[in-house]
A.B. asks: 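Take a look at the following structure, please.
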Amino acid sequence: MEDSTERNSPGGADASGAAGGEPPHSVPVKTINLALQGGGAHGAFTWGVLDRLLEEKNLAFEGLSATSAGAMNAAVFAYGLAVDGREGARKALTDYWKRVSEAARLGPLQPSLLDRMLGEHKLTWSPVFSMMGFVTRVLSPYEFNAANFNPLREVVEQSIDFEVLQRPDCPVKLFLSATNVRTGKVKIFTGQDISASAVMASACLPTIFQAVEIDGEAYWDGGYMGNPALFPIIYNCKSTDIVIVHINPQFRKEVPRAADDIMNRINEISFNSSLLREMRAVSFVTKLVTQKRILGEELPHMLIHSIADDAFMSALSSTSKYNADWDFLIFLRDQGRKCAGDWLAKNFAKLGVESSVDIDQMYL
């Protein structure tokens, strides 16, 4: 598959230059916050969304709240933006996903010949994947992975200089969610706490990897308690626009009947549940503000936006979350770019003015 990138710009801006370039005078710069979900290799869809948004010179970015694969995208995005502006962020994201694919190519989880012939990006017929499914049901990662090996840690460390992200002049505010194993509470890593371990904690699937220990506390994937968490953005950012990038389908037309499909839907519901709870609170406060039952500026009127393609994501198999084949990642990236471009064309004018989604209909 050809590694090509579309360069259309619905907002009217060109794709060249670094952060802070002068936009056309007729189109104001609008500042947004991004909330990025996790979902394994499906995070390459978010890569595409970010790649397209970075082309839009009339967009500025204040805060990023992210979980799991979203946390990796967010950290790479912030690092690239800090060292070389918009083009630096785009290059950093491309380099990161190339490293992910290279690491997977050298590992055991590869699509089988039959998987490739079927052309559905699945690992269904991969003997190693089938064996892993059995192993993780009967053994813990403390047993089958006693050395606690995780190839993604090296990829993350090669892709990001975390000292850059810890500086007070980092161009965006970064909030990475993890789940505290002992307390069950969400942990938000930000500022000086941003590290390779924090990113790995946010993406730690407990059936595959040992809990990540940081300062005496153990952490699992942040998706259980915040996928992604919105409150850090609400409390710490001036912009009231939050753009949520979904990669876990919220809606499915059919009831799953196969065992794997049932487990996949359980995971999707579980990993979306924390976001739905937060959106209920956002909806409640929004109604109080719009009805003028709250006066002053203590509670901001948040504007919610969503970049999602449930039909596309629903068509992907659950096993494709583990498929880091480069052609598949590019396929996901290109779909993310298209989805973001369509969203910009339709909703750019609503930024700073109104939510582009019906919160009650979509989340409640």
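Being a predicted model, the structure only gives us computed values, none of them experimental.
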A.B. asks: Grab the two heavy atoms, one from Leu332 and one from Ala41, that are nearest each other, plus how far apart they are.
C.D. replies: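 Nearest heavy atoms, Leu332 then Ala41: CD1-O, 3.4 Å.
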A.B. asks: Taking only residues at least two apart or on different chains, which pairs with a member in residues 60-79 satisfy salt bridge (Lys or Arg N to Asp or Glu O under 4.0 Å)?
C.D. replies: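 Applying salt bridge (Lys or Arg N to Asp or Glu O under 4.0 Å) to every pair that reaches into residues 60-79, excluding sequence neighbours, yields Glu62-Lys173.
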A.B. asks: Enumerate the residue pairs fulfilling salt bridge (Lys or Arg N to Asp or Glu O under 4.0 Å) with a member in residues 174-186, sequence neighbours excluded, ordered by first and then second residue.
C.D. replies: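 Checked against salt bridge (Lys or Arg N to Asp or Glu O under 4.0 Å) - neighbours excluded - the pairs reaching residues 174-186 are Arg182-Glu217.
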A.B. asks: Donor-acceptor pairs are to be reported for all side-chain atoms of residues 275-284 against protein atoms at under 3.5 Å, with residues two or more places apart or in another chain.
C.D. replies:
residue	atom	partner	partner atom	Å
Glu278	OE1	Leu230	N	2.7
Glu278	OE2	Leu230	N	3.2
Glu278	OE2	Phe231	N	2.9
Ser283	OG	Asp360	OD1	2.7

A.B. asks: Would you call Val156 and Phe162 a side-chain contact if the rule is heavy atoms closer than 4.5 Å?
C.D. replies: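 Side chain of Val156 against side chain of Phe162, heavy atoms only: contact under 4.5 Å found.
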A.B. asks: Please determine whether salt bridge (charged side-chain N to carboxylate O under 4.0 Å, His left out) holds for the pair Glu56 and Arg52, giving the CA-CA distance in whole Å, both sets of side-chain angles, and the decisive distance to 0.1 Å.
C.D. replies: CA-CA 7 Å; Glu56 203 63 32; Arg52 179 64 189 86; 3.3 Å; yes
A.B. asks: Keeping to residues at least two apart or across chains, list the ring pair (Phe, Tyr, Trp, His ring centres under 6.0 Å) pairs with something in residues 54-80.
C.D. replies: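 Passing the test, one end in residues 54-80: Phe61-Phe77.
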A.B. asks: Does any part of the side chain of Arg86, heavy atoms only, come nearer than 4.5 Å to the side chain of Lys57, both counted from C-beta?
C.D. replies: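 A side-chain contact exists here, since the closest heavy-atom pair is under 4.5 Å.
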A.B. asks: Please test Glu157 against Met200 for side-chain contact (heavy atoms from CB on, under 4.5 Å), starting from the C-alpha separation and ending with a verdict.
C.D. replies: CA-CA 10 Å; Glu157 290 175 343; Met200 300 312 297; over 6 Å; no
A.B. asks: Using a 6.0 Å cut-off, check whether atom CD of Glu254 has over 12 heavy atoms from anything other than its own residue.
C.D. replies: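 Open.
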A.B. asks: Supply the members, apart from Ile266, of the Ile/Leu/Val/Met/Phe/Trp/Tyr cluster built from side-chain contacts under 4.5 Å; use none for a lone residue.
C.D. replies: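 Other cluster members: Ile262, Met263.
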A.B. asks: Taking C-beta and beyond as the side chain, do Phe209 and Leu152 meet within less than 4.5 Å on heavy atoms?
C.D. replies: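 Counting from C-beta outward, Phe209 and Leu152 never come under 4.5 Å.
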A.B. asks: For Asp169, is the CG atom crowded, meaning more than 12 foreign heavy atoms sit under 6.0 Å from it?
C.D. replies: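 Count over threshold, so yes.
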A.B. asks: Have Thr94 and Arg333 got a donor and an acceptor in their side chains that come within less than 3.5 Å?
C.D. replies: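 No, because no side-chain N or O of Thr94 sits under 3.5 Å from a partner of the opposite role on Arg333.
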A.B. asks: Is there a path of hydrophobic side-chain contacts, each under 4.5 Å between heavy atoms of I/L/V/M/F/W/Y residues, joining Ile32 to Ile234?
C.D. replies: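 Different hydrophobic clusters.
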A.B. asks: Does a side-chain heavy-atom distance below 4.5 Å link Leu59 with Val29?
C.D. replies: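 The answer is no; the side chains never approach within 4.5 Å.
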A.B. asks: Examine Val289 and Val357 and state if one hydrophobic cluster contains both, with Ile, Leu, Val, Met, Phe, Trp and Tyr joined whenever side-chain heavy atoms are less than 4.5 Å apart.
C.D. replies: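 Different clusters.
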A.B. asks: Taking only residues two or more places apart in sequence or in another chain, which ones pass side-chain contact (heavy atoms from CB on, under 4.5 Å) with Pro171?
C.D. replies: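 Pro171 satisfies side-chain contact (heavy atoms from CB on, under 4.5 Å) with Leu81, Ala82 only.
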A.B. asks: Is any side-chain heavy atom of Lys30 closer than 4.5 Å to one of Lys350?
C.D. replies: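 Sidechains of Lys30 and Lys350: no contact.
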A.B. asks: Is there a side-chain hydrogen bond (donor to acceptor under 3.5 Å, both in side chains) between His42 and Ser320? Walk through the geometry before answering.
C.D. replies: CA-CA 8 Å; His42 292 180; Ser320 65; 2.7 Å; yes
A.B. asks: Return yes when atom CZ of Phe251 has more than 12 non-hydrogen atoms of other residues, nucleotides or ligands closer than 6.0 Å, and no otherwise.
C.D. replies: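 Buried by this count: over 12 neighbours within 6.0 Å.
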A.B. asks: Find out if a path of hydrophobic residues (ILVMFWY) with successive side-chain heavy-atom gaps under 4.5 Å connects Phe348 to Ile304.
C.D. replies: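 Each belongs to a different hydrophobic cluster.
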A.B. asks: Begin with the C-alpha distance, continue with both residues' side-chain angles, and end with the deciding distance and a verdict on side-chain contact (heavy atoms from CB on, under 4.5 Å) for Ile233 and Leu64.
C.D. replies: CA-CA 7 Å; Ile233 290 175; Leu64 285 85; over 6 Å; no
A.B. asks: Going by ring-ring contact (aromatic ring centres under 6.0 Å, His included), name the residues that satisfy it together with Phe271, two or more places apart in sequence or in a different chain.
C.D. replies: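 So Phe271 forms a ring-ring contact (aromatic ring centres under 6.0 Å, His included) with Tyr224.
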A.B. asks: Taking all non-hydrogen atoms of both residues into account, name the closest pair between Ala201 and Ile214 and its distance.
C.D. replies: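 For Ala201 and Ile214, the tightest heavy-atom pair comes out as CB-CD1, 4.2 Å.
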A.B. asks: Show the nearest heavy-atom pair for residues Ser197 and Val212, with the distance to one decimal.
C.D. replies: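 Heavy atoms of Ser197 and Val212 come nearest at O-CG1, 3.6 Å.
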A.B. asks: Suppose we screen for ring-ring contact (aromatic ring centres under 6.0 Å, His included). Which residues come up paired with Phe45, at least two apart in sequence or across chains?
C.D. replies: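 Partners of Phe45 under the ring-ring contact (aromatic ring centres under 6.0 Å, His included) test: none.
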A.B. asks: To the nearest 0.5 angstrom, please state how far the SG atom of Cys170 sits from the CG atom of Leu165.
C.D. replies: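 Going from SG on Cys170 over to CG on Leu165, the span is 5.0 Å.
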A.B. asks: Would a distance-only check, ignoring hydrogens and angles, find a side-chain to backbone donor-acceptor pair under 3.5 Å from Arg252 to Ser314?
C.D. replies: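 Present.
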A.B. asks: Quick one: does any side-chain atom of Gln210 pair with a main-chain N or O of Tyr142 as donor and acceptor, under 3.5 Å?
C.D. replies: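 Absent.
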A.B. asks: Can you see whether Asn180 engages Trp220 through a side-chain donor-acceptor pair at a distance of less than 3.5 angstrom?
C.D. replies: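 Short answer, no.
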A.B. asks: Heavy atoms only: give me the nearest Ala308-Cys339 pair and the separation to one decimal.
C.D. replies: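 Reported closest heavy-atom pair: O-SG, 3.3 Å.
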A.B. asks: Under 3.5 Å, is there a donor-acceptor pair linking the side chains of Ser274 and Asn227?
C.D. replies: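 No, because no side-chain N or O of Ser274 sits under 3.5 Å from a partner of the opposite role on Asn227.
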A.B. asks: With sequence neighbours left out, write down each residue that passes salt bridge (charged side-chain N to carboxylate O under 4.0 Å, His left out) with Arg99, or none if nothing qualifies.
C.D. replies: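 In terms of salt bridge (charged side-chain N to carboxylate O under 4.0 Å, His left out), with neighbours along the sequence ignored, Arg99 is linked to no residue.
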A.B. asks: Would you say that Thr67 contacts Leu176 through its side chain, given a criterion of any heavy-atom pair below 4.5 Å between the two side chains?
C.D. replies: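 In short, these two side chains do not touch, never coming nearer than 4.5 Å.
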A.B. asks: Does some side-chain heavy atom of Thr290 sit less than 4.5 Å from a side-chain heavy atom of Thr286?
C.D. replies: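 Yes, side chains in contact.
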A.B. asks: If you take all heavy atoms of Ile208 and Asn145, which pair is closest and at what distance?
C.D. replies: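 Ile208 and Asn145 have their closest heavy atoms at O-ND2, 4.1 Å.
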A.B. asks: Donor-acceptor pair, distance only, cut-off 3.5 Å: does the side chain of Ser101 make one with the backbone of Trp326?
C.D. replies: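 Yes, because the side chain of Ser101 sits within donor-acceptor range (under 3.5 Å) of the backbone of Trp326.
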A.B. asks: Could you check Leu53 against Val49 for side-chain contact (heavy atoms from CB on, under 4.5 Å), going step by step and ending with a plain yes or no?
C.D. replies: CA-CA 6 Å; Leu53 295 181; Val49 170; 4.0 Å; yes
A.B. asks: List for me each residue that meets side chain to side chain donor-acceptor pair (under 3.5 Å) alongside Glu213, sequence neighbours excluded, and say none if there are none.
C.D. replies: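 Glu213 satisfies side chain to side chain donor-acceptor pair (under 3.5 Å) with no residue once adjacent residues are dropped.
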A.B. asks: Considering only distance and modelled atom types, tabulate donor-acceptor pairs under 3.5 Å from the side chains of residues 237-250, sequence neighbours left out.
C.D. replies:
residue	atom	partner	partner atom	Å
Ser239	OG	Thr31	O	2.7
Ser239	OG	Asp241	N	3.3
Asp241	OD1	His305	NE2	2.6
Asp241	OD1	Gly352	N	3.1
Asp241	OD2	Gly352	N	2.9
His246	NE2	Ser306	OG	3.4
His246	NE2	Tyr363	OH	2.8
Asn248	ND2	Gln37	OE1	3.4
Asn248	ND2	Gly38	O	2.9
Gln250	NE2	Met362	O	2.4

A.B. asks: Please determine whether side-chain hydrogen bond (donor to acceptor under 3.5 Å, both in side chains) holds for the pair Asp309 and Gln335, giving the CA-CA distance in whole Å, both sets of side-chain angles, and the decisive distance to 0.1 Å.
C.D. replies: CA-CA 9 Å; Asp309 192 338; Gln335 186 65 23; 2.8 Å; yes
A.B. asks: What I'd like to find out is whether the side chain of Leu50 reaches to under 4.5 Å of the side chain of Val76, using heavy atoms alone.
C.D. replies: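 Leu50 does not reach Val76 side chain to side chain.
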A.B. asks: Run the salt bridge (charged side-chain N to carboxylate O under 4.0 Å, His left out) check on Asp95 and Lys91 step by step: do they pass?
C.D. replies: CA-CA 6 Å; Asp95 291 346; Lys91 182 179 185 303; 2.7 Å; yes
A.B. asks: Given salt bridge (charged side-chain N to carboxylate O under 4.0 Å, His left out), test Arg167 with Glu163 step by step and report yes or no.
C.D. replies: CA-CA 7 Å; Arg167 296 173 185 166; Glu163 290 186 0; 5.5 Å; no
A.B. asks: Considering residues at least two apart in sequence or located in another chain, which fulfil the ring-ring contact (aromatic ring centres under 6.0 Å, His included) criterion with Phe189?
C.D. replies: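 ring-ring contact (aromatic ring centres under 6.0 Å, His included) check on Phe189 returns Tyr219.
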